[in-house]
Colleague: 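To start, I am sharing the structure in question, which I have written as structure tokens.
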Amino acid sequence: MSNRRLALATITCAAIGFIATSGSALAQSDYPSKPVKIIVPFPAGGTSDVMGRLLAEELGKILKQPFIVENVGGAGGVIGTERGAKAAPDGYTLIQTGVGQSAVAHGLEPLPKYNSNTDFIHISQVHSGPNVLVVHPSTPFKTLKDLVDHAKANPGKLDYGYTPAASGHMAMEQFKQTAGIFMLGIPYRGGGPMMTDILGGTIKLMFINQDVALQHVKAGKLRPLAVSSAQRNPLYPDVPTIAESGYKGFEALSWSGLSAPTGTPQAIIDKLEAAMVQAMNSPSVRQRLESQGFVVPQQGAKPYAAFVKSEEARWTQVIKTAGIKSQ
């Protein structure tokens with residue numbers, strides 16, 4: 001090839017590369033230019049779905065494109081999260097991450113086909129909330145100490161309900177390990193049947209999300225003994241934390257956030273992070289969450305990524321210590 005032809009070929013390749021790069025940059029600057037899907041890896045109607053739809057509504061307002069929730073339930077959130085990990089990293093498929101699918105799942109067998117710390121870019125956290133330890137009012141327990149003293153004096157004779165791998169299940173396992181007690185766990189397929197049984201007195205206690213328990217506590221059908229957050233919950237101002245009740249440092253939360261597949265361009269992540277911060281700090285969103293006893297956590301990619309990593313380590317250790325197997 002002559003020097004002139006070689007030079008022309010080099011210039012042509014450079015021009016093509018410049019056009020491709022410019023086109024990519026333009027596409028990122030125009031993001032989003034079409035509807036965006038948020039995979040919520042749980043069925044419609046639960047807390048995760050409510051949080052996903054709240055976020056979709058707010059992001060749609062800010063970024064001027066529809067954000068559409070797709071519910072992909074199954075395996076405690078693992079199936080939908082696996083699908084999200086395999087999605088094209090173009091910013092048009094986002095994933096709701098959370099305690100079950102992003103932390104608890106990594107301690108259970110079989111392990112999920114994704115790594116929560118390397119297969120996703122964590123954009124920002126949406127909410128956190130405690131579980132409430134509730135007992136049937138027929139029990140004599142008025143305080144957490146009453147319950148622990150009884151459990152220690154009667155190992156294995158007190159039963160509780162749990163939904164496998166849910167935040168309430170993990171809170172109970174951590175509590176049993178912290179308090180040094182043994183109680184009999186009865187697994188349920190979901191929170192609905194479990195609530196029916198505790199209201200009927202079939203089981204005596206359980207951890208349950210604070211918003212779900214509230215109506216039954218107000219009606220006198222359940223008695224709250226403690227909340228699992230580090231601070232008292234505004235829905236339960238007179239109910240102490242587990243830490244206050246003698247177990248310093250105890251904390252077990254339900255939480256969710258928004259993430260994208262690894263490889264998503266940084267310019268898109270930055271735009272989504274800015275929109276998330278704006279959405280979660282709006283007075284209307286904060287009021288909606290706080291009125292249900294949820295906390296709006298620190299916003300941003302860096303704190304959320306660190307939080308996910310710490311939660312995975314925490315619950316993997318709890319599961320290992322308890323010897324929990326997948327069900």
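Because the structure is predicted, anything quoted here is derived from the model rather than measured. All values below were derived from every heavy atom in this structure, side-chain atoms included, with hydrogens, water molecules and symmetry-related copies excluded.
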Colleague: Determine, step by step, whether Val40 and Arg53 satisfy the side-chain contact (heavy atoms from CB on, under 4.5 Å) criterion, reporting the C-alpha distance in whole Å, the side-chain angles of both residues, the deciding distance to 0.1 Å, and the verdict.
Modeller: CA-CA 9 Å; Val40 171; Arg53 292 181 188 280; over 6 Å; no

Colleague: Nearest heavy-atom pair of Ala56 and Val69: which atoms, and what distance?
Modeller: CB-CG2, 4.0 Å

Colleague: Nearest 0.5 angstrom please: Gln174 CD to Thr321 OG1, how far?
Modeller: 10.0 Å

Colleague: Between Asn117 and Glu312, does a side-chain hydrogen bond (donor to acceptor under 3.5 Å, both in side chains) hold up when you go through it step by step?
Modeller: CA-CA 9 Å; Asn117 296 309; Glu312 182 192 339; 2.6 Å; yes

Colleague: Do the charged groups of Glu82 and Lys113 touch, with an N to O distance under 4.0 Å?
Modeller: no

Colleague: Apply side-chain hydrogen bond (donor to acceptor under 3.5 Å, both in side chains) to residues Ser124 and Gln299 and explain how you reach the verdict.
Modeller: CA-CA 6 Å; Ser124 200; Gln299 293 297 298; 2.8 Å; yes

Colleague: Measure centre to centre between the rings of Tyr31 and Tyr92, then say whether the value is under 6.0 Å.
Modeller: yes

Colleague: Identify the heavy atoms of Asn71 and Pro43 that sit nearest to each other, and give their distance.
Modeller: ND2-C, 3.8 Å

Colleague: Does atom CZ of Arg83 have more than 12 heavy-atom neighbours, drawn from other residues, nucleotides or ligands, at distances under 6.0 Å?
Modeller: no

Colleague: Is the number of heavy atoms from other residues, nucleotides or ligands within 6.0 Å of NZ (Lys142) greater than 12?
Modeller: yes

Colleague: Is any side-chain N of the basic residue among Glu57 and Lys61 closer than 4.0 Å to the acidic one's carboxylate O?
Modeller: yes

Colleague: Nearest 0.5 Å please: distance from the CG atom of Asp159 over to the CD1 atom of Ile198.
Modeller: 9.5 Å

Colleague: Please report the shortest heavy-atom distance between Arg286 and Val296, naming the atom on each side.
Modeller: NH1-CG1, 3.5 Å

Colleague: If you round to the nearest 0.5 Å, how far is NZ of Lys145 from CG of Asp149?
Modeller: 3.5 Å

Colleague: Angle class for the Phe307/Tyr304 ring planes (parallel below 30°, perpendicular above 60°, tilted otherwise)?
Modeller: parallel

Colleague: Could you give the distance from OH (Tyr162) to CD1 (Ile324), rounded to the nearest 0.5 Å?
Modeller: 7.5 Å

Colleague: Could you point out which residue of His106, Glu311, Lys309 forms a side chain to side chain donor-acceptor pair (under 3.5 Å) with Ser116?
Modeller: His106

Colleague: Can you tell me if CD on Glu290 sees more than 12 non-hydrogen neighbours from other groups inside 6.0 Å?
Modeller: yes

Colleague: With side-chain hydrogen bond (donor to acceptor under 3.5 Å, both in side chains) as the test, would you mind laying out the steps for Gln278 and Ser282 before giving the verdict?
Modeller: CA-CA 6 Å; Gln278 181 180 340; Ser282 73; over 6 Å; no

Colleague: Using 0.5 Å steps for rounding, measure from the OG1 atom of Thr93 to the NZ atom of Lys37.
Modeller: 4.5 Å

